[in-house]
Asker: 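Have a look at this one.
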Amino acid sequence: MAQTIKSSGRTSAARINPLVRIAQRYLVPRIVKSVFFYLRYRCLVSPQTSVQLSERITFGRGTVVKPYVVIVNHTGRIAIGAHCAISSFNHISTGDQDLVIGDNVRIAANVTILGADRNVRRRDALIVEQGRTHKPTTIGDDVLIGAGAVILPGCTIGAGAVIGAGSVVNRDVPPYAIVAGVPARTIGERT
């Protein structure tokens with residue numbers, strides 16, 4: 001992968017003022033964000049897309065993000081590699097761990113990629129009070145993710161893998177594997 005994320009500076013990122021985070025997510029006009037991302041990374045982010053304006057979200061050169069995509073983070077980083085295509089209606093988010101997408105990745109419409117999940121086990125507390133579990137999520141180079149797939153926190157998808165449409169990935173996927181289903185299982189291999 002072209003981009004490597006360093007985990008240093010985690011404490012300073014955790015101290016970001018909540019008002020600054022709200023401004024980054026909601027108050028900066030989308031067209032300003034599109035121009036910013038083009039000038040900084042030489043990528044095309046649709047003005048109809050909602051990308052949090054954060055130094056912890058980066059794009060590789062030549063990446064295209066189509067309309068109606070949501071990309072947000074908490075304190076973890078989101079790094080999207082070069083020459084990726086992210087189709088409409090995707091949701092990419094992380095909590096306190098990093099989410100890395102390699103180069104030349106193709107993500108079809110309606111895909112969800114997560115780096116955090118809600119804790120729900122306790123009956124004696126509301127779900128909203130139980131906190132979250134944060135896990136790093138990694139997608140290798142040259143991966144194809146089919147429409148409607150869900151990538152759960154903590155998964156590593158190897159280089160060259162293919163994720164079938166509608167699949168739910170809840171464990172690591174080996175390089176060049178073709179997986180499909182709920183939960184996703186290996187059904188073949190690229191030759």
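For the numbers below, each heavy atom of this structure counts, side chains included, while hydrogens, waters and symmetry mates do not.
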Asker: Can a cation-pi geometry be assigned to R40 and Y38, taking NZ or CZ under 6.0 Å from the six-membered ring centre and within 45° of the ring axis?
Answerer: no

Asker: Can you give me the closest heavy-atom contact between V173 and A161, atom names plus distance?
Answerer: CG1-CB, 3.8 Å

Asker: Please check: side-chain N/O of N90 versus main-chain N/O of A108, any donor-acceptor pairing under 3.5 Å?
Answerer: yes

Asker: Examine distances only and state if a side-chain atom of T137 and a backbone atom of P153 form a donor-acceptor pair shorter than 3.5 Å.
Answerer: no

Asker: Would a hydrophobic clustering, with Ile, Leu, Val, Met, Phe, Trp and Tyr connected at side-chain separations under 4.5 Å, put V35 with L44?
Answerer: yes

Asker: Distance-only, no hydrogens or angles: does the R190 side chain make a donor-acceptor pair with backbone N or O of G160 under 3.5 Å?
Answerer: yes

Asker: Ignoring hydrogens and angles, tell me if any N or O in the side chain of S167 forms a donor-acceptor pair with the backbone of V169 under 3.5 Å.
Answerer: no

Asker: What verdict does the side chain to side chain contact (heavy atoms under 4.5 Å, CB included) test give for I139 and I145, after you've listed the backbone C-alpha separation in whole Å, the side-chain angles of each residue and the deciding distance to 0.1 Å?
Answerer: CA-CA 10 Å; I139 299 171; I145 302 175; 3.9 Å; yes

Asker: Which atoms form the tightest heavy-atom contact between P183 and R171, and what is the distance?
Answerer: CG-NH2, 4.5 Å

Asker: For atom NZ of K33, is the number of surrounding heavy atoms from other residues, nucleotides or ligands below 6.0 Å larger than 12?
Answerer: yes

Asker: I need the L27 CG to L53 CG distance, nearest 0.5 Å.
Answerer: 11.0 Å

Asker: Hey, any chance V45 and V69 share a hydrophobic cluster, counting ILVMFWY side chains that come within less than 4.5 Å of each other, even indirectly?
Answerer: yes

Asker: Counting C-beta onward and ignoring hydrogens, is there a side-chain heavy-atom pair between V51 and F59 closer than 4.5 Å?
Answerer: yes

Asker: Say whether, by atom type as modelled, one donor and one acceptor occur between the side chain of D142 and the main chain of A159 under 3.5 angstrom.
Answerer: no

Asker: Let me confirm one number: the CG-OG1 distance from D98 to T75, rounded to the nearest 0.5 Å.
Answerer: 8.5 Å

Asker: Atom CG in D96, atom CZ in R132: separation rounded to 0.5 Å?
Answerer: 9.5 Å

Asker: I need the L144 CG to I163 CD1 distance, nearest 0.5 Å.
Answerer: 8.5 Å

Asker: Test side chain to side chain contact (heavy atoms under 4.5 Å, CB included) on T49 and I86 and set out the steps.
Answerer: CA-CA 11 Å; T49 284; I86 301 173; over 6 Å; no

Asker: Atom OG in S50, atom CD1 in I71: separation rounded to 0.5 Å?
Answerer: 9.0 Å

Asker: Where is the tightest heavy-atom contact between Q130 and A125, given as atom of each residue plus distance?
Answerer: NE2-O, 3.0 Å

Asker: Are L114 and S93 side-chain neighbours, meaning at least one heavy-atom pair lies under 4.5 Å?
Answerer: yes

Asker: Could you check whether atom CZ of R118 has more than 12 heavy atoms from other residues, nucleotides or ligands sitting under 6.0 Å from it?
Answerer: yes

Asker: Looking only at heavy atoms, what is the nearest atom pair of L99 and G115, with distance?
Answerer: CD1-N, 4.2 Å

Asker: If you round to the nearest 0.5 Å, how far is NE2 of H83 from CZ of R106?
Answerer: 9.5 Å

Asker: Give me the one residue out of T138, T63, I113 that meets side-chain contact (heavy atoms from CB on, under 4.5 Å) with I101.
Answerer: I113

Asker: If I compare all heavy atoms of F37 with all of I57, which pair ends up nearest, and what's the gap?
Answerer: CE2-O, 4.5 Å

Asker: Looking only at side-chain N and O atoms, does N119 offer a donor or acceptor that is under 3.5 Å from a partner on T133?
Answerer: yes

Asker: Checking Q52 side chain against N73 main chain: does a donor-acceptor pair fall under 3.5 Å?
Answerer: yes

Asker: So H74 and H134, would you call those rings parallel, tilted or perpendicular, with 30° and 60° as cut-offs?
Answerer: parallel

Asker: For a quick test of reading the model, state the closest non-hydrogen atom pair linking N104 to C84 and the distance between them.
Answerer: N-SG, 3.9 Å

Asker: Relative to each other, are the rings of Y41 and F36 parallel, tilted or perpendicular (30° and 60° limits)?
Answerer: perpendicular

Asker: Are I187 and Y176 grouped together when hydrophobic residues (ILVMFWY) are joined by side-chain heavy atoms under 4.5 angstrom apart?
Answerer: no

Asker: Has the side chain of S54 got a donor or acceptor atom that lies under 3.5 Å from a matching backbone atom of R56?
Answerer: yes

